[in-house]
Visitor: 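Let me begin by handing over the structure; questions about it come next.
For the single chain, residues carry numbers from 1 onward in sequence order.
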Amino acid sequence: MLTDADAHVLALLAGHPAAAPDHIGRLVLGPLAEPAGRHLLDALVAYLDTGSANAAARRLHLHPQSLRYRLRRVHTLTGRDPRDTWHRLTLDIARTLAF
């Protein structure tokens, strides 16, 4: 089932943004866009950039299990699992739009 945020991302990809790009970023990222969620956003960005939890953990100088925990928190807070293809795409688009 698609959410409102998914609909905005699809509209943006189709060339018909229904909202400002930064609004779409906030819709998808939710609390990760707030300063208190910065460490989770950093973990997500490293994971999206590297493609694996181990490589992302090395980049952030974290234990891989700590990074996996942060990714689980991302999933809990946003409702999007970074390991799922569609969720990964929407998270990647949102982080690009929001920052």
Visitor: Under 4.5 Å between any side-chain heavy atoms of Leu32 and Thr78, yes or no?
Guide: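 Counting from C-beta outward, Leu32 and Thr78 do come under 4.5 Å.
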Visitor: Rounded to the nearest 0.5 Å, how far apart are NE2 of His8 and CZ of Arg26?
Guide: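 Rounded to the nearest 0.5 Å, the NE2-CZ separation comes to 11.5 Å.
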Visitor: Are His63 and Leu67 side-chain neighbours, meaning at least one heavy-atom pair lies under 4.5 Å?
Guide: no
Visitor: State yes or no: do Leu27 and Val74 share one hydrophobic cluster built from I, L, V, M, F, W and Y residues joined by side-chain heavy-atom distances below 4.5 Å, directly or via other members?
Guide: no
Visitor: Is Leu77 reachable from Tyr69 through a run of I, L, V, M, F, W or Y residues, each pair having side-chain heavy atoms under 4.5 Å apart?
Guide: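 No, no single cluster joins them.
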Visitor: Quick one: pull up CG in Leu41 and CZ in Arg95 and give me the separation to the nearest 0.5 Å.
Guide: 8.5 Å
Visitor: Could you list the donor-acceptor pairs under 3.5 angstrom formed between side-chain atoms of residues 82-90 and any protein atom two or more places apart in sequence or on another chain?
Guide:
| residue | atom | partner | partner atom | Å |
| --- | --- | --- | --- | --- |
| Arg83 | NE | Asp81 | OD1 | 3.1 |
| Arg83 | NH2 | Asp81 | OD2 | 3.0 |
| Asp84 | OD2 | Trp86 | N | 3.1 |
| Asp84 | OD2 | His87 | N | 3.0 |
| Trp86 | NE1 | Asp6 | OD1 | 3.0 |
| His87 | ND1 | Asp81 | N | 2.9 |
| Arg88 | NH2 | Leu48 | O | 3.4 |
| Thr90 | OG1 | Arg80 | NH1 | 3.2 |
| Thr90 | OG1 | Trp86 | O | 3.3 |
| Thr90 | OG1 | His87 | O | 2.9 |

Visitor: Which distance, rounded to the nearest 0.5 Å, do you find between the CD1 of Ile93 and the CG of Leu13?
Guide: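 Ile93 atom CD1 to Leu13 atom CG measures 4.0 Å (nearest 0.5 Å).
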Visitor: Quick one: does Ser66's side chain have a donor or acceptor within less than 3.5 Å of a partner on Leu62's backbone?
Guide: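 The answer is no, because no donor-acceptor pair under 3.5 Å joins these two groups.
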Visitor: Would you mind writing out the side-chain donor-acceptor pairs for residues 52-59 within the sub-3.5 Å range, not counting sequence neighbours?
Guide:
| residue | atom | partner | partner atom | Å |
| --- | --- | --- | --- | --- |
| Ser52 | OG | Ala55 | N | 3.1 |
| Asn54 | OD1 | Arg68 | NH2 | 3.0 |
| Arg59 | NH1 | Asp49 | OD2 | 3.3 |

Visitor: Taking the side chain as C-beta and beyond, is there a heavy-atom pair between Leu40 and Leu71 under 4.5 Å?
Guide: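 Result no, sub-4.5 Å side-chain heavy-atom pair not found.
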Visitor: Here's a test for you: under side chain to side chain contact (heavy atoms under 4.5 Å, CB included), which of Thr96, Val9, Val28 qualifies with Leu91?
Guide: Val28
